[in-house]
J.: 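Here you go, one structure.
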Amino acid sequence: MKKSEFGRWSRVAAEWSEKYLADIEQLPVRAQTSPGEIADQIPLSPPESGETMESIMDDFARIVPEGMTHWQHPRFFAYFPSNAAPASMIAEQLAGAMAAQCMLWQTSPAATEIEVRMVDWLRQAVGLPEEFKGSFQDTASSATLCAVLTMREIALDWQGNQKGLSQQPTLRVYASTRTHSSIDKAMWVAGLGQENLVKIETGEDFAMDIAALANAIRTDRENGMVPAGIIICVGGTSMGATDNVREACELAKAEGLYTHVDAAWAGSAMICPEYRQLWDGADLADSIVFNPHKWLGVSFECSAHFVRDPESLVRTLAIQPEYLKTYGRDGIINFSEWSIQLGRRFRALKVWFLLRAYGLEGLRTMIRNHVTWSKELCEQLKETPDFEITTEPILSLFTFRYVPESSSRDEEDLNRLNLQLVDAINDDGRIYLTQTNHDGKLVLRFMCGQFDTTEEDVAVAFEVITSVAKKLA
Ligand SMILES: *Cc1c(COP(=O)(O)O)cnc(C)c1O
């Protein structure tokens, strides 16, 4: 393909994309393919000579969409959303044209400076104080790993990177039993080990028991171990479990521990002031991550990572002589020193396009609608015989299960029945839901968060859930 053909094929791609999005409701939300079906259509070896764009594009249209689960589908109610608003997709194309590589200020002054601004726009949007600075990382998993590494280095007086961990005291990190698996993985990768992630039981409110946390810290100190930090969960993946951020941060301060808030999904909702009580006290944390690529419409990947003290993050991650490890010296920021990877994408561009194209008020309306419709559906299911709400809505996420009058009520049978139900719903194709294990019960999650979802789509969800369930019984 020649450079001179770029415009033509971009237009073909744009037209394909526009039609795809216009017709997306006709597609089953979850891919209906069996394993291997797509791979079988791709040659085993690469071509020796170039092929025409016509045939490449034809194969794409023939093979790929059918093998995809459609995250942009307005009836995607599974997992958490991964939205790509049109303005954000356009920005991605432009960033691609420039082959932007944003590791240093020098390699991308505009990208770096727009990133500084966009992180600050988002900071204001979610109501965090001015001292928080930050960067856009690929995913929350990476931001959490960076936070765990920072905890480690602070606790080891900056010796971990240099000397390794074999001669060091045992470090301990605390989190609730309901946190995301990315916390466990961060512990593995940081070399701290699964066993040193102390999982604290949660109370009836699904929040970490602060007295138990204080106890665990004290016991660890008595046993010669070194507490390093606390990971605080806001809007956990399974059912939205949320810790008491203020109490956890106050305890951390008293104990001299670093705190990281994982608000990967729920953080986007903090653009609405009325939901901010959910993370009340977040302004006391050392590090916070949330994913604009989940609920705000910024296309994947884009995680906003805020830190109160960039110095400690940069001191942990910058491979530089000590005297240069100063954040923002001479007005220059090299964002590769804020994350694991050296090369970085121009993520700020899509945030800039998105925030300007929809405005905070437009995004707030979307999020408020999702929360309202989810609550309405929850109420409707509550009033429907044979359905049980297992956890009440946290923002736009709740869980429920099917407990028909005729069923045996044996927990194992109910789990089996509900797994059958979620499979049958997803085979039907009109909506997509996922299940979770909530305290031993297999329950269905309903999460409303797709950019184009309407109230009618949520009504279809009610129809599908109840009619498919009736057929099962
Ligand atoms: C989605 C999610 C993550 C992981 O996010 P990635 O950006 O995919 O790494 C972590 N924590 C919570 C609570 C999440 O919802």
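Atoms within a ligand are numbered from 1 in the order they appear, just like the ligands themselves.
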J.: Between ligand 1 and the protein, which N/O pairs are shorter than 3.5 Å?
T.:
unit_1   : atom_1 : unit_2 : atom_2 : d
ligand 1 : 7 (O)  : A140   : N      : 2.8
ligand 1 : 7 (O)  : N291   : ND2    : 2.9
ligand 1 : 9 (O)  : A140   : N      : 3.4
ligand 1 : 9 (O)  : S141   : N      : 2.9
ligand 1 : 9 (O)  : S141   : OG     : 2.5
ligand 1 : 11 (N) : D262   : OD1    : 3.2
ligand 1 : 11 (N) : D262   : OD2    : 2.7
ligand 1 : 15 (O) : T237   : OG1    : 3.2
ligand 1 : 15 (O) : K294   : NZ     : 2.8

J.: Checking E301 against H293: is there a side-chain donor and acceptor pair closer than 3.5 Å?
T.: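 H293 vs E301: no donor-acceptor pair found between side chains.
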
J.: Indicate whether the side chain of W295 and that of H370 have a donor and an acceptor atom separated by less than 3.5 Å.
T.: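 A donor-acceptor contact under 3.5 Å links the two side chains.
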
J.: Do N418 and Q435 have side-chain atoms, one donor and one acceptor, less than 3.5 Å apart?
T.: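 The answer is no; no qualifying pair exists.
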
J.: What is the ring orientation for W265 with F80, classed by angle as parallel under 30°, tilted 30 to 60°, or perpendicular over 60°?
T.: parallel

J.: Please work out whether the ring planes of F398 and F400 are parallel, tilted or perpendicular, with thresholds of 30° and 60°.
T.: tilted

J.: Give me each pair satisfying salt bridge (Lys or Arg N to Asp or Glu O under 4.0 Å) with a member in residues 91-105, each pair once, sequence neighbours excluded.
T.: E92-R345, E92-K350

